[in-house]
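Everything on this sheet refers to the single structure shown next.
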Amino acid sequence: MFADLALVAIATEAMVGYPNAVYRLVGHPVTWIGKLITWCDEAWNSGARSSRRLHGVLTLTLLLVVAVLSGLVIAGILDRLLPVLASLILCGVLASTLLAQRSLDEHVLAVAKALETEGLSGGRMAVAHIVGRETQGLDEAAICRAAIESLAENFSDGVVAPLFWMVVAGLPGALAYKAINTADSMIGHRTERYEDFGWASARFDDLVNLPASRLSALWLVLAAIPLGLSPGAALGTVRRDASHHRSPNAGWPEAAMAGSLSLRL
């Protein structure tokens, strides 16, 4: 178990996030993963349906091998070159790049601030940065719902899931999860181009997010207590509605959020 690594990572990400200067200088792990996925897509996503599905499996396999080996090499080098505490801290700082709690908080707050200061047009522009749906026709309530839904789902995908796999398997586990999740977001779509090529990534993403989605719902139920909301309503909504979502995972944190806030999402 690597709970100490996860604690360093989440504390680092909460304090400093991912500085823009670092992003401009070297990019971000997600962008590096995305470049590899794009290369695989352009090189392998062609031919018959069976061929595309096989190439999709190979793409996922390649991503996992690269992610796990990268994590093992980085952790191994740090362990050999630095004292135990220094290695843990530096590895935790690197692992913090795989979390998105600070950026998620900033993007959702930006929607609220835009609605307050710029009205519907500002709110629509702000929420478009965090949802995939068309936002131009949304009224204020729909903008708020979209932001809250995105907050709930991305709390699971962007915070709890990478932390869970970090605790279970250290930096290699967190990198592997991020590779899977990025692949799902890029090629795991039910479109003509990606129905087969992205099949393996989409199904595997569903699998690795199963524990985190349930944990996310639990944390949101518990968070309702100190905020003076209703943990009972949150838990009841999870029991009643979580399994009805088209996603096997997104319904859990969304139901918990809806129940605690007494909203329909």
Would you find more than 12 non-hydrogen atoms of other residues, nucleotides or ligands less than 6.0 Å from Glu134 atom CD? yes

Taking Trp199 for the side chain and Arg52 for the main chain, is one N or O donor matched with an acceptor at less than 3.5 Å? no

Do other residues, nucleotides or ligands put more than 12 heavy atoms under 6.0 Å from Met125 CE? no

Using the test ring pair (Phe, Tyr, Trp, His ring centres under 6.0 Å), find all partners of His28 that sit at least two apart in sequence or belong to another chain. Tyr18

Counting N and O atoms only, with roles assigned by atom type, does the side chain of Trp219 sit under 3.5 Å from a partner on the main chain of Phe155, one being a donor and the other an acceptor? no

Looking only at heavy atoms, which two atoms of Ile89 and Val8 are closest? And how far apart? O-CG1, 3.8 Å

What about Leu227 and Leu218, same hydrophobic cluster or not, with Ile/Leu/Val/Met/Phe/Trp/Tyr joined at side-chain heavy-atom distances under 4.5 Å? yes

Test log, rule side-chain hydrogen bond (donor to acceptor under 3.5 Å, both in side chains), inputs Asn209 and Tyr177: CA-CA 9 Å; Asn209 274 300; Tyr177 170 77; 2.8 Å; yes

I'd like to check the ring pair (Phe, Tyr, Trp, His ring centres under 6.0 Å) partners of Trp39; sequence neighbours left out, ordered by chain and number. Trp44

No-hydrogen, no-angle side-chain donor-acceptor test under 3.5 Å, Asn154 and Ser150: yes

Enter the distance from Leu88:CG to Leu82:CG here, rounded to the nearest 0.5 Å. 11.0 Å

Greater than 12 external heavy atoms within 6.0 Å of Arg239's CZ: no

For the residue pair Leu220 and Ala256, what are the closest heavy atoms and their distance? CB-CB, 3.8 Å

Could you tell me the separation between the CD atom of Gln101 and the CD atom of Glu13, rounded to the nearest 0.5 Å? 4.5 Å

For Ser185 and Thr182, indicate whether the former's side chain and the latter's backbone hold a donor-acceptor pair under 3.5 Å. yes

Just wondering, more than 12 heavy atoms not from Glu140 lying within 6.0 Å of its CD? no

Linking I/L/V/M/F/W/Y whenever any side-chain heavy atoms sit under 4.5 Å apart, do Leu78 and Leu171 land together? yes

Just wondering, are more than 12 heavy atoms of other shown residues or ligands nearer than 6.0 Å to CZ in Arg49? no

Could you go step by step and tell me if Asp105 and Arg102 meet the salt bridge (charged side-chain N to carboxylate O under 4.0 Å, His left out) rule? CA-CA 5 Å; Asp105 176 67; Arg102 188 181 180 94; over 6 Å; no

Give a yes or no answer on whether the side chain of Ser103 reaches the backbone of Ala100 with a donor-acceptor pair at less than 3.5 Å. yes

Do Ser96 side-chain atoms and Val93 backbone N/O form a donor-acceptor pair below 3.5 Å? yes

Can you tell me which residue pairs pass the ring-ring contact (aromatic ring centres under 6.0 Å, His included) test with a partner in residues 225-265, sequence neighbours excluded? none

Closest contact, heavy atoms only, Ser156 versus Pro162: O-CD, 4.3 Å

Where Asn249 and Arg214 come nearest, the two heavy atoms and their spacing: OD1-NH1, 2.9 Å

